[in-house]
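It should be emphasised that the depicted structure is a prediction, and the values quoted were computed from it without experimental measurement.
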Amino acid sequence: MEYQSEDLNELMLARRGKMKELSDKGVEPFGEKYEFTHYAKNIIEQFEQLENQKVTIAGRIMSVRGHGKASFANLMDMSGRIQVYFRQDVVGEEAYEIFNLIDIGDIIGLNGRVFKTKRGEVSVEVQAFTLLTKSLRPLPEKWHGLKDVETRYRQRYLDLITNPEVRDIFVTRSKIISATRRYLDKLGFLEVETPILHPIAGGASARPFITHHNALDMDMYLRIAPELYLKRLIVGGFEKVYELGRVFRNEGISYKHNPEFTMIEIYQAYANYENVMRITEEVIAYVAQEVLGTTKIMYQEQGIDLTPPWNRLSMLDAIHEKTGADFRVVTSQDEALSMARKIGLAVEKNTDIGNIINMAFEEFVEPTLIQPTFIMDHPVEISPLAKRKASNPRFTDRFEAFIFGREMANGFSELNDPIDQKERFLKQVAQRAAGDDEAHMMDEDFVTALEYGLPPTGGLGIGIDRLVMLLTNSHSIRDVILFPHMRHKVE
RNA sequence: GACUCACUAGCUCAACUGGCAGAGCAACUGACUCUUAAUCAGUAGGUUCGGGGUUCGACUCCCCGGUGGGUCACCA
């Protein structure tokens, strides 16, 4: 196969040259499977037992310090790095010549004797080695690593090779997800998988991605939430279910928004929002304890205590506390508008009371909620799937959890009255017709399911990416998503 | 979408008020058998994001465009 040589810089040409030299010497530049006995980390941790023992390891060469007839190199595997020591008088002249054709970035397997250098570094004295993969491109600089943010996201593999702290974040992400599952599994929840391709995009207020199924000749949506399917499962008799997976929202990209992100939704029959609020704080505290060993964390220089129970505050009380405006006594839209204007909120004339309250909350309260706080009892207008409060039908048995001014979770007692649900869908449909393309769509089958009977149910959703951001002290959602979306690069 | 900052060798970064585009790492040649950001001597490496303009002269100033970051807006 011929490469367009004009694309190859001198560094790449040098590596291809060495690849050819290796082939000429009978060394296959792209090898076969390799069985190893140890990871770098094990060898360093278990040095006492392993001293002078033989080990076999495999990994990528990250640096080389040559000394003529002997050389030190650092080998990196999944667990970390270890120094390896090549001596001509140990591996033999021929092998040492081959070693001299190895570049930084090449992947090799080797076996040798574990020892400690004069300076005290645990190392492996190589007895034999095999080239497993020749690397044809130079790695980023060994000391500074890869800094360029764009390249880090576009070529995440380079970021992972060069920057150990990035790798750590994704290991932590994996632990967060498995701890979450462990916690729910222990409580007897059933993990389920519901469709990602939806004929109707429901369960959240968001613009969906549209795709097309050829055989059925129908447009479909990538799901914006699994909610309506999970509640169908509760109707079907699965009383405790959760789904952890990707959802897609066709919205802008920012440091806290990626068009596809991971959330977990959890539903428990015969429970209400109080119960799932408790699950929320317990699962997050459990995960922090399991993964970080503590529930007292630091995020962006701010100490945050995740230990339950968290503060609980109704939305109206919170607004009153921060602004002095008491929406609790407001019953008409006119009153709400004038109260909003009094506290300096720019609202449009036709905004309903619920949305005015929500805007006041977002403007004046949300950014102040640094320590974990449950905000409760949202207006019904902004909660089309939540059960009304028995004490006041204009509000719902709903909560949102905020940490560091960001929404981390959302839950409520599920609306199980099919007649009310249908009316609320109709209201959403009207808003949609009026131009709000984030309003919910009518889901007749979901209403039908409710007509068969949804037991009283508590449900909740947690944004996993935001939780990972919090627990890894990451500023941007792109730092906790392996391949964040970027504009297509045109040459 | 608005504002703003950035883009220079494979990587990390310099380049004064507009005056010869430079360093470290990596690469190449040579020396070197306990180094560890190895060391020492030497060599090579550039569409300064792209296009246009101003100027005797542009990495630098102006205009248009691209990509990315930040802030805001949108958004749970």
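- Side chain A/Q88 to base B/U33: no donor-acceptor pair is found below 3.5 Å.
- Out of B/G68, B/U33, B/U12, the shortest distance to the side chain of A/K147 is found at B/U12.
- B/U33 atom P lies 15 Å from atom CD of A/E125, rounded to whole Å.
- Ion pairing of A/R424 with A/D420 is present here, as a side-chain N (NZ or NE/NH1/NH2) and a carboxylate O approach within less than 4.0 Å.
- Taking the C1' atoms as reference points, B/A26 lies 12 Å from B/A37, given to the whole Å.
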Evaluate side chain to side chain contact (heavy atoms under 4.5 Å, CB included) for A/E125 paired with A/V90, printing each intermediate quantity in order. CA-CA 8 Å; A/E125 184 187 74; A/V90 176; 4.2 Å; yes
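- To the nearest whole angstrom, the two P atoms, one in B/A15 and one in B/U71, are 26 Å apart.
- Nucleic acid contact for A/H475: sugar-phosphate only, since backbone atoms but no base atoms lie under 4.0 Å from a heavy atom of the residue.
- Atom C1' of nucleotide B/A73 and atom OH of A/Y255 are separated by 12 Å, given to the nearest angstrom.
- Comparing B/U33, B/G69, B/G70 by their nearest atom to the side chain of A/Y153 picks out B/G69.
- Checked by atom type, the side-chain pair A/D106/A/S135 shows no donor-acceptor distance below 3.5 Å.
- The partner of B/U35 is absent, by the rule that a Watson-Crick or G-U pair needs both atom distances under 3.5 Å.
- A/F261 comes within 4.0 angstrom of nothing in the nucleic acid, heavy atoms only.
- Checked options A/R152, A/K147, A/R154, A/R478; the residue passing with A/D159 is A/R152 (criterion: salt bridge (Lys or Arg N to Asp or Glu O under 4.0 Å)).
- Judged by distance alone, with hydrogens and angles left aside, A/H257 brings a side-chain donor or acceptor within reach of the base of B/C75, the pair sitting under 3.5 Å.
- When the nucleotides B/G69, B/C34, B/U71 are ranked by their closest atom to the side chain of A/F72, B/C34 comes out on top.
- Summarising the base pairing, B/U8 is matched to no nucleotide, lacking a Watson-Crick or G-U wobble pair whose two defining distances lie under 3.5 Å.
- Note on A/R119: a side-chain N or O is less than 4.0 Å away from OP1 or OP2 of B/U35.
- Heavy atoms of A/G463 sit nowhere under 4.0 angstrom from any nucleic acid atom.
- Heavy atoms of A/D437 sit nowhere under 4.0 angstrom from any nucleic acid atom.
- Base-pair partner of B/A21: not found among the strands shown (Watson-Crick or G-U wobble, both distances under 3.5 Å).
- Salt bridge annotation for A/K25-A/E97: present, with a cationic side-chain nitrogen under 4.0 angstrom from a carboxylate oxygen.
- For A/R154, counting side-chain heavy atoms from C-beta on, the closest listed nucleotide (B/C11, B/U67, B/U36) is B/U67.
- Cation-pi geometry between A/R232 and A/Y229 is met: the NZ or CZ atom falls under 6.0 Å from the ring centre, inside 45° of the normal.
- Across all strands shown, B/U54 forms no Watson-Crick or G-U wobble pair with both key distances under 3.5 Å.
- Of the nucleotides present, B/A2 is the one that pairs with B/U71 by Watson-Crick or G-U wobble criteria, both distances under 3.5 Å.
- Nucleotides of RNA chain B nearest to A/G66 and A/L139 differ in position, and the one nearer the 5' end is that of A/L139.
- Looking at the side chain of A/Y85, the nearest of the listed nucleotides B/U35, B/C11, B/C34 is B/C34.
- Looking at heavy-atom distances under 4.0 Å, A/R152 makes no contact with the nucleic acid at all.
- The separation between A/E438 atom CD and B/C75 atom P is 5 Å, rounded to whole Å.
- For the pair A/R478 and A/K256, both in contact range of RNA chain B, the more 5′-proximal nearest nucleotide belongs to A/R478.
- Other residues, nucleotides and ligands contribute over 12 non-hydrogen atoms within 6.0 Å of the NZ atom of A/K18.
- Regarding A/N355, its CG atom lies at a distance of 10 Å from the P atom of B/C75, rounded to whole Å.
- Comparing B/C5 with B/C49, their C1' atoms sit 15 Å apart, to the nearest whole Å.
- Salt bridge absent: A/R207 and A/D436 never bring a charged side-chain N and a carboxylate O closer than 4.0 Å.
- Rounded to an integer number of Å, the gap from CD1 of A/I253 to C1' of B/G70 is 15 Å.
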Polar atoms only, N or O, under 3.5 Å: list the protein pairs with nucleotides 27-30 of chain B and their distances.
unit_1: B/C28; atom_1: OP1; unit_2: A/K18; atom_2: NZ; d: 2.5

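- Within 6.0 Å of CD on A/E94 lie no more than 12 heavy atoms contributed by other residues, nucleotides or ligands.
- The residues A/D103 and A/K134 are annotated as salt-bridged, a charged nitrogen and a carboxylate oxygen being separated by less than 4.0 angstrom.
- Going from the P atom of B/U33 to that of B/G10 covers 34 Å, rounded to whole Å.
- Only the P atoms considered, B/U4 is 22 Å distant from B/U17, to the nearest whole Å.
- Computed from coordinates, the A/R487 CZ to B/G66 P distance equals 8 Å when rounded to whole Å.
- Nucleotides B/G69 and B/C61 are separated by 24 Å at their C1' atoms, to the nearest Å.
- Between the P atom of B/A73 and the CD atom of A/E362 lies a distance of 11 Å, rounded to the nearest Å.
- OP1 or OP2 of B/A26 lies within a sub-4.0 Å distance of a side-chain N or O belonging to A/K142.
- For B/U35, its base sits under 3.5 Å from the side chain of A/Q83 at one donor and acceptor pair at least.
- B/G46 is unpaired under the criterion used here, namely a Watson-Crick or G-U wobble arrangement in which both key atom distances are under 3.5 Å.
- Side chain to side chain, A/Q268 and A/N275 fail the donor-acceptor criterion of an N or O pair below 3.5 Å.
- Within 4.0 Å of A/A204, counting heavy atoms only, lies no atom of the nucleic acid at all.
- Look at CG on A/N74: it is 17 Å from P on B/C25, rounded to the nearest Å.
- B/A26: no Watson-Crick or G-U partner with both key distances under 3.5 Å is found in any strand.
- Comparing the same atom, P, in B/U8 and in B/A2 gives a spacing of 25 Å after rounding to whole Å.
- Residue A/R65 places at least one side-chain N or O closer than 4.0 Å to OP1 or OP2 of B/A38.
- No engagement by A/R406 is indicated, since no non-hydrogen atom pair under 4.0 Å with the nucleic acid exists.
- Residue A/E251 is classed as a sugar-phosphate contact, given heavy-atom separations below 4.0 Å to backbone atoms only.
- Distance check on atom C1': B/A27 versus B/U12 gives 16 Å, rounded to whole Å.
- Rounded to the nearest 0.5 Å, atoms OG1 (A/T262) and CZ (A/R246) are 4.5 Å apart.
- If you check B/C25, B/U33, B/A73 against the side chain of A/S254, the one that comes closest is B/A73.
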